[in-house]
2 protein chains.
Amino acid sequence: MAENTPPAVTNDPFRQIRRATVSDAIVDQLRGLITDGTLKPGDRLPSERELCKRFDVGRTSVREALKPLITMGILVGRGGSGTFVAAESGQYQKPLRWGLLGGMPGDLQNQDDLVETRHMLETNAAHWAALRATAENLAAIEATVQGMAEYLDDPAKFQEFDANFHFEIARAAQNKMLYRLINVIRGQIQTWIGERLALSPDRADILSRTSLEQHREIFAAIRSGDGDAARRAMDNHIQTATADLKKIAK
Amino acid sequence: MAENTPPAVTNDPFRQIRRATVSDAIVDQLRGLITDGTLKPGDRLPSERELCKRFDVGRTSVREALKPLITMGILVGRGGSGTFVAAESGQYQKPLRWGLLGGMPGDLQNQDDLVETRHMLETNAAHWAALRATAENLAAIEATVQGMAEYLDDPAKFQEFDANFHFEIARAAQNKMLYRLINVIRGQIQTWIGERLALSPDRADILSRTSLEQHREIFAAIRSGDGDAARRAMDNHIQTATADLKKIAK
DNA sequence: TTCTAAAATTGGTCAGACCAGCTGGCCAAT
DNA sequence: ATTGGCCAGCTGGTCTGACCAATTTTAGAA
């Protein structure tokens, strides 16, 4: 593994001197306003020209402060209308994706890392979901299972409910950090599944039926509050699903 | 948990339209050049004025493309010198931290999520490390254990080797994605440990001795290639360490 | 050759301008 | 009263040109 620059322990008393640039200071301030709730999702920021006057800086600096926040999905700029605080769900997706997958060539080893990490995250999510799921969580999960059953013959719809099933479990685990991770990694997995399935659409049907049965088992375990059973069920599901999809690749 | 906007399944035939901006296109292109290795860490980008001519756009657009990459730590701008590709470790640290911790708010729920996620990541890392550690990995891990033993009376040094112990295990798991996650989360945990330990420095000594013993057990399990034992040992270590630190908080 | 001071280069910032798209109000036609 | 077109004003996106401070390079002096 490359990934040098290990722990990077800095005992150096001569720290780096970095005078804050104007735009970075504005970034920090805006981030603070968002995290402390002064600016809530959907709120509209003052116009750039207005911010120039408020901060007493040039418009360049304001824009260069807004730009990173926009690129990372924390703000959204709508030309002609204004700049708005993005929905919370979008505020972490892009940086997380960049951080996890960024700078990594899409080679095979990487694919394996992805699948393995996903396995770890989702089995644990199932475990915690079994212990913590609320009534609403259970209802939401059950709804996705029913959706899958209903659309057994519509691969696109089926996959949609399949994905939602996993999302709802991640949500039921009541760990925001875990939810975010699964959300992002699941996105990658989903495209991978799509590629594989496109190779032999005829297989999709039988895979779906197996998958549905496994989802039912997972849900049953979660509903019964049995954390270990939920973990095992999810483990079993992911193992077989991954294996099946890899077989298709051949 | 807030985090609404679940899977965001849009069957709406009237999709959102968004025109691409110039700077975003440049961002994508630059990220591509970095990902595919055309631009390697340490490389110097053409000057902004040069990029203007290459892309045939205004300097504003070039700068607004560079700014997000700089803010996320993928590039570093040195005034008077140029803009450079950051070291690989810097390319995922900051984005990951932003995405995972969404600012840096130290609210309680967040802290629990952090500890729980860390537990999941590290126990799995130990498991895989036991199955995959190379001779070099084992040597590196052992070195950190020896370092801890040597600096039992120097809390700062001890913590440093402690942290490196966990980093080396993460590395030995041979999963780059997992390594990055642990790297970032460990950073947060480390500051948390520091805070707690500062509250009662006298406790540090006895905690260190217990910790060292547990590290030895983890290492032994990894060296023997027993994945389950390694997971249990790491689980035990983290559980007790977390509990002890939380007690200090009182 | 070595040292030093000037010149060129670079990122950071500002100001002013223009464009395309959005918003909201006004008004005529229905 | 509702609809649809129209227009003026505002907003973000982009471009240009300029200045500053820090750095790098160069050229000249020793």
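Here is how names work: the chains are called A, B, and so on, in the same order as the sequence lines, proteins then strands, and each is numbered from 1.
Ring planes of A:Tyr151 and A:Phe161: parallel class, angle under 30° (limits at 30 and 60°).
Considering only residues two or more places apart in sequence or on other chains, A:Phe158 meets the ring pair (Phe, Tyr, Trp, His ring centres under 6.0 Å) condition with none of them. For A:Val145, the side-chain contact (heavy atoms from CB on, under 4.5 Å) partners are A:Phe165, A:Leu212, A:Arg216, A:Phe219, not counting sequence neighbours. Partners of B:Arg118 according to the side-chain hydrogen bond (donor to acceptor under 3.5 Å, both in side chains) rule, which considers only residues two or more places apart in sequence or in another chain, are B:Glu122.
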Any protein N or O atoms within reach of nucleotides 3-10 of chain C? Criterion: under 3.5 Å, listing atom names and distances.
from, atom 1, to, atom 2, distance (Å)
C:dT10, O2, B:Gly80, N, 3.2

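The two residues B:Arg132 and B:Gln174 come nearest to each other via the heavy atoms O-NE2, 3.5 Å. Minimum interatomic distance between A:Leu100 and B:Leu96 (heavy atoms only, all atoms of both residues): N-CD1, 3.7 Å.
Atom CD1 of A:Ile70 is separated from atom C1' of D:dG12 by 8 Å (rounded to the nearest Å).
Not one side-chain nitrogen or oxygen of B:Thr21 sits closer than 4.0 Å to the OP1 or OP2 atom of D:dG12.
Contacts between residues 53-67 of chain A and DNA chain D, defined by a heavy-atom separation under 4.0 Å, are made by A:Arg59, A:Arg63.
Panel note: side chain B:Asp162, backbone B:Gln159; no donor-acceptor pair is recorded below 3.5 Å.
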Please report, to 0.1 Å, the donor-acceptor pairs under 3.5 Å made by any side chain of residues 62-71 of chain B, with sequence neighbours excluded.
from, atom 1, to, atom 2, distance (Å)
B:Arg63, NE, A:Glu64, OE2, 2.7
B:Arg63, NH1, B:Glu48, OE1, 3.3
B:Arg63, NH1, B:Glu48, OE2, 2.7
B:Arg63, NH2, A:Glu64, OE1, 3.0
B:Arg63, NH2, A:Glu64, OE2, 3.3
B:Glu64, OE1, A:Arg63, NH2, 3.0
B:Glu64, OE2, A:Arg63, NE, 2.7
B:Glu64, OE2, A:Arg63, NH2, 3.3
B:Lys67, NZ, A:Ser23, OG, 2.9
B:Lys67, NZ, A:Asp24, OD1, 3.4
B:Thr71, OG1, B:Lys67, O, 3.0

